[in-house]
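In this text, all values refer to a predicted model and were calculated from it rather than measured experimentally.
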Amino acid sequence: MQLPFGGLPEPKITEEALKKAAEAIFADPSCGNVFRIKGIVKTGETVWSEINATREQMTFQAVPESQEVLIVIGAGLSKERISGILGIE
């Protein structure tokens, strides 16, 4: 499931907030059976971060300016619940 994360000129979420949201998504059974979260998100005025997360490991890496995309991979996913945790529509 790809979430509509981009489109705004200012950062939508900080790296720390994204980490906490990813942890919450993995922990919340109402989100579905989430296997992986990956993508590129603007986390600062001029900072872009690549997230690659599983239940066991989460990494962030600075990347050059890019198109924002956040992909949640799993089964029985609730787009509404996941979007709510991330604070996106």
*Asks:* As an exercise, state the distance from CG of L86 to CZ of R81, rounded to the nearest 0.5 Å.
*Replies:*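 The CZ atom of R81 is 10.5 Å from CG of L86, to the nearest 0.5 Å.
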*Asks:* Answer yes if V69 and V47 sit in the same cluster of Ile, Leu, Val, Met, Phe, Trp and Tyr residues linked by side chain heavy atoms under 4.5 Å apart, and no otherwise.
*Replies:*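 In one cluster with V69: V47, no.
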*Asks:* Would you give the length of the straight line joining atom CD of E50 to atom NZ of K38, rounded to the nearest 0.5 angstrom?
*Replies:*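 E50 CD to K38 NZ: 8.0 Å, rounded to 0.5 Å.
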*Asks:* Give the minimum heavy-atom separation between W48 and P64, together with the two atoms involved.
*Replies:*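 Closest heavy-atom pair between W48 and P64: CB-O, 4.0 Å.
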*Asks:* Could you grab the distance from atom CG of L77 to atom OG of S30, nearest 0.5 Å is fine?
*Replies:*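 Output value for this atom pair is 11.5 Å.
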*Asks:* Which residue is it: I13, T14, V63? I am looking for the one with a side-chain contact (heavy atoms from CB on, under 4.5 Å) to V41.
*Replies:*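 Testing V41 for a side-chain contact (heavy atoms from CB on, under 4.5 Å) against I13, T14, V63 leaves exactly one candidate, I13.
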*Asks:* Check this for me, if you would: do E23 and K19 make a salt bridge, where the nitrogen-to-carboxylate-oxygen distance has to be below 4.0 angstrom?
*Replies:*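 A salt bridge is present here (some side-chain N lies under 4.0 Å from a carboxylate O).
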*Asks:* Return the OG1 to CD1 distance between T54 and I73, rounded to the nearest 0.5 Å.
*Replies:*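 Here the interatomic distance stands at 11.0 Å.
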*Asks:* Without swapping roles, check the side chain of E15 against the backbone of T43 for a donor-acceptor pair under 3.5 Å.
*Replies:*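 No, the answer is negative, given that no donor and acceptor are paired below the 3.5 Å cut-off.
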*Asks:* Using every non-hydrogen atom in the two residues, find where I85 and A24 come nearest and quote the distance to one decimal.
*Replies:*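 Minimum heavy-atom contact is CG2-CB, 4.1 Å.
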*Asks:* Please name the pair of heavy atoms, one in I40 and one in S66, separated by the smallest distance, quoted to 0.1 Å.
*Replies:*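 What the structure gives for the nearest pair is CD1-OG, 3.8 Å.
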*Asks:* Mind running side chain to side chain contact (heavy atoms under 4.5 Å, CB included) on N52 and R36 for me, showing each step along the way?
*Replies:* CA-CA 7 Å; N52 192 355; R36 179 177 296 274; 2.5 Å; yes
*Asks:* If I take atom SG from residue C31 and atom NZ from residue K79, how far apart are they, to the nearest 0.5 angstrom?
*Replies:*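 Going from SG on C31 over to NZ on K79, the span is 14.0 Å.
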*Asks:* If you take all heavy atoms of G74 and F35, which pair is closest and at what distance?
*Replies:*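 Looks like CA-CD1, 3.3 Å.
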*Asks:* Ignoring hydrogens, what is the shortest heavy-atom contact between A27 and R55? Give both atom names and the distance.
*Replies:*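 Residues A27 and R55, closest heavy atoms: N-NH1, 4.5 Å.
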*Asks:* Would I37 and L18 satisfy side chain to side chain contact (heavy atoms under 4.5 Å, CB included), going step by step from the backbone distance to the final call?
*Replies:* CA-CA 11 Å; I37 300 170; L18 181 57; 5.9 Å; no
